Amino acid sequence: MSNAPDTPGAPRTALRLEQVTPATVDAALDLRVHPHQERNVAPVVRSLAEAYAFGEAAWPRLILDGERLVGFLMAFLDIPWGEEGDGDRRSGLWRLNISADAQGEGYGRFAVLAVADELRRRGVRRMYVTWEPGDDGPGAFYRRLGFRTTGETSGRQVVGVLDLP
């Protein structure tokens, strides 16, 4: 996906997702959210370690605006969910870290829509996300994008789902 709004109605053409490479890994590891958000999302270093451990089930990407690194996301692809052996497999957004100095500019929305596009391309019809509950958590952001809560929790996190038509 290479287009997302800067402000509502204004096209942005320099936005894109890129793989993490040896040339970009240090910048990815330096990415920081606002200090008050650190309890809501794991740092990029943890996400990259999990991506290594989960192999093809993890889809980590940098969010770039031109050459500027503005965020990091990681999707999960077709992972077992719930009770072992029940056959429930899901895909969705695992992590979303938008740099503290880049928030409020539409990058988070771009990232969620880019993951939705990737999942649709792979034939997925529902996108899942989890978030820390509370007023300072990202729940309102995900609900504005159309996610609805499922009534489930994953650990202590709320589970949301978005239908992908």
Side-chain angles (χ1 to χ4, degrees), residues 1-13 15-20 31 33-34 37-44 46-48 50-51 54-65 70-84 86-99 102-165:
M1 181 169 198
S2 63
N3 199 13
D6 215 45
T7 56
R12 177 183 272 166
T13 58
L15 282 177
R16 67 187 187 286
L17 300 181
E18 295 280 335
Q19 288 185 308
V20 180
L31 189 120
V33 297
H34 283 291
Q37 297 170 325
E38 290 174 354
R39 74 171 202 85
N40 294 327
V41 66
V44 173
R46 180 179 175 102
S47 296
L48 291 178
E50 289 173 334
F54 281 83
E56 295 296 314
W59 194 71
R61 295 292 185 269
L62 300 177
I63 307 162
L64 296 163
D65 186 354
V70 297
F72 170 86
L73 69 79
M74 187 162 73
F76 59 93
L77 306 170
D78 196 36
I79 64 166
W81 192 273
E83 298 296 318
E84 191 171 327
D86 70 2
D88 189 10
R89 301 183 75 82
R90 296 182 183 180
S91 299
L93 182 62
W94 193 346
R95 295 277 159 60
L96 179 58
N97 304 58
I98 302 298
S99 178
Q103 292 187 15
E105 298 180 36
Y107 299 122
R109 182 178 193 282
F110 165 79
V112 172
L113 295 176
V115 170
D117 286 347
E118 178 64 21
L119 294 180
R120 274 190 209 95
R121 188 184 71 71
R122 293 170 181 257
V124 174
R125 296 293 165 238
R126 283 191 165 164
M127 177 176 169
Y128 290 86
V129 67
T130 63
W131 65 81
E132 291 290 331
D135 292 338
D136 63 341
F141 166 75
Y142 289 119
R143 284 189 287 278
R144 281 193 306 273
L145 292 176
F147 285 88
R148 65 186 187 287
T149 58
T150 65
E152 303 167 280
T153 57
S154 177
R156 66 176 196 256
Q157 295 189 333
V158 175
V159 178
V161 64
L162 177 68
D163 292 321
L164 301 176

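For this chain, numbers begin at 1 and follow the sequence in order. Just so it is clear, the structure is predicted and the values come from calculations on it, not from any experiment.
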What's the spacing between [X] [atom1] and [Y] [atom2] if we round to 0.5 Å?
{"X": "R120", "Y": "L164", "atom1": "CZ", "atom2": "CG", "answer": "5.0 Å"}
{"X": "N40", "Y": "N97", "atom1": "CG", "atom2": "CG", "answer": "11.0 Å"}
{"X": "L62", "Y": "E18", "atom1": "CG", "atom2": "CD", "answer": "7.5 Å"}
{"X": "I63", "Y": "L96", "atom1": "CD1", "atom2": "CG", "answer": "5.5 Å"}
{"X": "F110", "Y": "L15", "atom1": "CZ", "atom2": "CG", "answer": "5.0 Å"}
{"X": "L77", "Y": "E56", "atom1": "CG", "atom2": "CD", "answer": "8.5 Å"}

Query - R95 with E50: basic N within carboxylate O range, under 4.0 Å - result: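 The answer is yes: the pair qualifies as a salt bridge.
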
Report task. For the pair R90 and E152, find out whether any cationic side-chain nitrogen is under 4.0 Å from an anionic carboxylate oxygen. Result ->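 E152 and R90: salt-bridged.
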
Query - Qualifying ring-ring contact (aromatic ring centres under 6.0 Å, His included) pairs with a residue from residues 142-165, counting only residues at least two apart or across chains - result: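 Only W131-Y142, Y142-F147 qualify under ring-ring contact (aromatic ring centres under 6.0 Å, His included).
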
Query raised in the report: Between R16 and L64, is there a donor-acceptor pair closer than 3.5 Å when you use the side chain of the first and the backbone of the second?
Result: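 Flag not set: sc R16 to bb L64 has no pair under 3.5 Å.
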
Query raised in the report: Backbone N or O of H34 within a donor-acceptor pair of the Q37 side chain at under 3.5 Å?
Result: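 Answer holds: yes.
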
Query raised in the report: Looking at G108 and F141, what are the two nearest heavy atoms and their distance?
Result: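 Closest approach of G108 to F141: C-CZ, 3.5 Å.
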
Query raised in the report: Between T150, T153, T149, T130, which is the residue that forms a side chain to side chain contact (heavy atoms under 4.5 Å, CB included) with V158?
Result: T149

Query - Flag side-chain contact, heavy atom, 4.5 Å: L93 against M127 - result: yes

